[in-house]
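As structure tokens, the structure follows; a few thoughts come after it.
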Amino acid sequence: RKVIFGLLGDVYITVEGGPGVSQEARAAHARGAVVLPLMRTGGASEGMFDFPADALQKPDFATEEQWSLLQSKDAPVDESASAVVAVVKACAGDVAKDEAAEEVHRLRSELGRDACIVCILGGTRFLEPDSEELVKAIAPKLEAAAGSTVTFVTGGMPGVQEAFAKHCGDGSRVWNLLPFGQSSGYGSGTDINAGADLEERKAIFGLLGDVY
């Protein structure tokens, strides 16, 4: 169980602890997981029992003040607790960015390494009287003028993106990026999936294109 536990998490928060905690922390740290020791609590978390020494050093995503609050036995408990929350949130943001970058790498492979990816952004409904006609006019002209390496990506939303996809030639160069389990319903272009929800999809979409 200890071996599995040491392979499971992205972040490990340690409090006090003996040889067993150090063993699990070493396994986690060795494979690149973040180990966050509450050093003020002593024991393994303060470096005993062959706790991984590098895990006692401040990571880039933590501030000097936050790290000090994890170390100081004199710091108010509530402030140390708040520092733990802040550091974990910062770390989780880094993990999410790494995962988004991995998804972008996968999508780039699928769309073509040499492709120039043009992403279409716009509202889910048209507010100005000429906007819809403008999008419908731009889409075929852009598709005809763009070189063969240009690929168009929408977010699979109604409004601007749907209008563009439906008027961009035969749709063979259009890809609609949606969260896993969802489809655009456009009937034009190819649906592709990335991200567990809309927020994750948006983060990936924001990293994917060369032109927006």
message: Would V11 and V87 count as a side chain to side chain contact (heavy atoms under 4.5 Å, CB included) here? Give the steps.
response: CA-CA 10 Å; V11 182; V87 173; over 6 Å; no
ILVMFWY clustering at 4.5 Å (side-chain atoms), partners of L178: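 Its cluster partners, ordered by chain and number, are none at all.
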Does [X] reach the main-chain N or O of [Y] with its side chain, forming a donor-acceptor pair under 3.5 Å?
| X | Y | value |
| --- | --- | --- |
| H167 | A163 | yes |
| S45 | T41 | no |
| N193 | Q182 | yes |

- request: Write down the atom of A115, the atom of L111, and the distance for their closest heavy-atom approach.
  value: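 Answer, listing the atom of A115 first, then L111: CB-O, 3.8 Å.
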Atom of A75, atom of S80 and distance for their closest heavy-atom approach: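 The pair with the smallest heavy-atom distance is CB-OG, 3.8 Å.
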Going from [atom1] on [X] to [atom2] on [Y], what distance comes out if it is rounded to the nearest 0.5 angstrom?
| X | Y | atom1 | atom2 | answer |
| --- | --- | --- | --- | --- |
| E102 | R106 | CD | CZ | 11.0 Å |
| I138 | E133 | CD1 | CD | 11.5 Å |
| S188 | F164 | OG | CZ | 10.0 Å |
| L107 | L177 | CG | CG | 6.0 Å |
| F61 | Q66 | CZ | CD | 10.0 Å |

For residues 142-159, run the donor-acceptor check on the side chains, cut-off 3.5 Å, and write out each pair with its distance to 0.1 Å, sequence neighbours left out.
residue, atom, partner, partner atom, Å
E143, OE2, R173, NH1, 3.4
T154, OG1, G156, N, 3.0
T154, OG1, N176, OD1, 2.7

What donor-acceptor contacts under 3.5 angstrom involve side-chain atoms of residues 47-58, with partners at least two apart or in another chain?
residue, atom, partner, partner atom, Å
K58, NZ, A62, O, 2.9

message: Please evaluate residues L69 and V84 with respect to the criterion side chain to side chain contact (heavy atoms under 4.5 Å, CB included), reporting the C-alpha separation (whole Å), side-chain torsions for both, the decisive distance (0.1 Å), and the verdict.
response: CA-CA 9 Å; L69 287 168; V84 171; over 6 Å; no
task: Scan side-chain atoms only and decide if D74 and S72 contain a donor-acceptor pair under the 3.5 Å cut-off.
output: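 Not at all, the side chains of D74 and S72 share no donor-acceptor pair under 3.5 Å.
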message: I'd like to know if the side chain of S22 pairs up with that of R26 as donor and acceptor (distance under 3.5 Å, no hydrogens or angles considered).
response: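 R26 and S22 do not have a side-chain donor-acceptor pair below 3.5 Å.
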query: Honestly curious: do I192 and Y186 fall in one hydrophobic cluster under the side-chain, below-4.5 Å linking rule?
result: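 Different clusters.
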task: Flag yes if V15 and V34 sit in one hydrophobic cluster, no otherwise; membership is Ile, Leu, Val, Met, Phe, Trp, Tyr, and two members link when side-chain heavy atoms are under 4.5 Å apart.
output: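 The answer is yes; both residues are in one hydrophobic cluster.
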message: side chain to side chain contact (heavy atoms under 4.5 Å, CB included), that's the test. Do T14 and L38 meet it? Break it down for me.
response: CA-CA 6 Å; T14 72; L38 273 69; 5.9 Å; no
query: How would you list all residue pairs meeting salt bridge (charged side-chain N to carboxylate O under 4.0 Å, His left out) that involve residues 32-44, not counting sequence neighbours?
result: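 Qualifying pairs, neighbours excluded: none.
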query: Under a 4.0 Å N-O cut-off, is there an ion pair linking K166 with E162?
result: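 A salt bridge links K166 with E162.
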Acceptor/donor pairs from residues 198-212 side chains to any protein atom, 3.5 angstrom cut, sequence neighbours excluded:
residue, atom, partner, partner atom, Å
E200, OE1, A196, N, 2.8
D210, OD1, R108, NH2, 2.9
D210, OD2, R108, NH1, 3.4
D210, OD2, R108, NH2, 3.0
D210, OD2, I117, N, 2.9
Y212, OH, F205, O, 2.4
Y212, OH, G206, O, 3.2
Y212, OH, L208, N, 3.4
Y212, OH, G209, N, 2.8

message: Heavy-atom count check: over 12 atoms from other residues, nucleotides or ligands less than 6.0 Å from F5 CZ?
response: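 Counting other residues, nucleotides and ligands, CZ of F5 stays at 12 neighbours or fewer.
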- prompt: Does some side-chain heavy atom of Y12 sit less than 4.5 Å from a side-chain heavy atom of H29?
  reply: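 Heavy-atom side-chain distance check fails, nothing below 4.5 Å.
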Side-chain donor-acceptor pairs under 3.5 Å in residues 118-131, sequence neighbours left out?
none

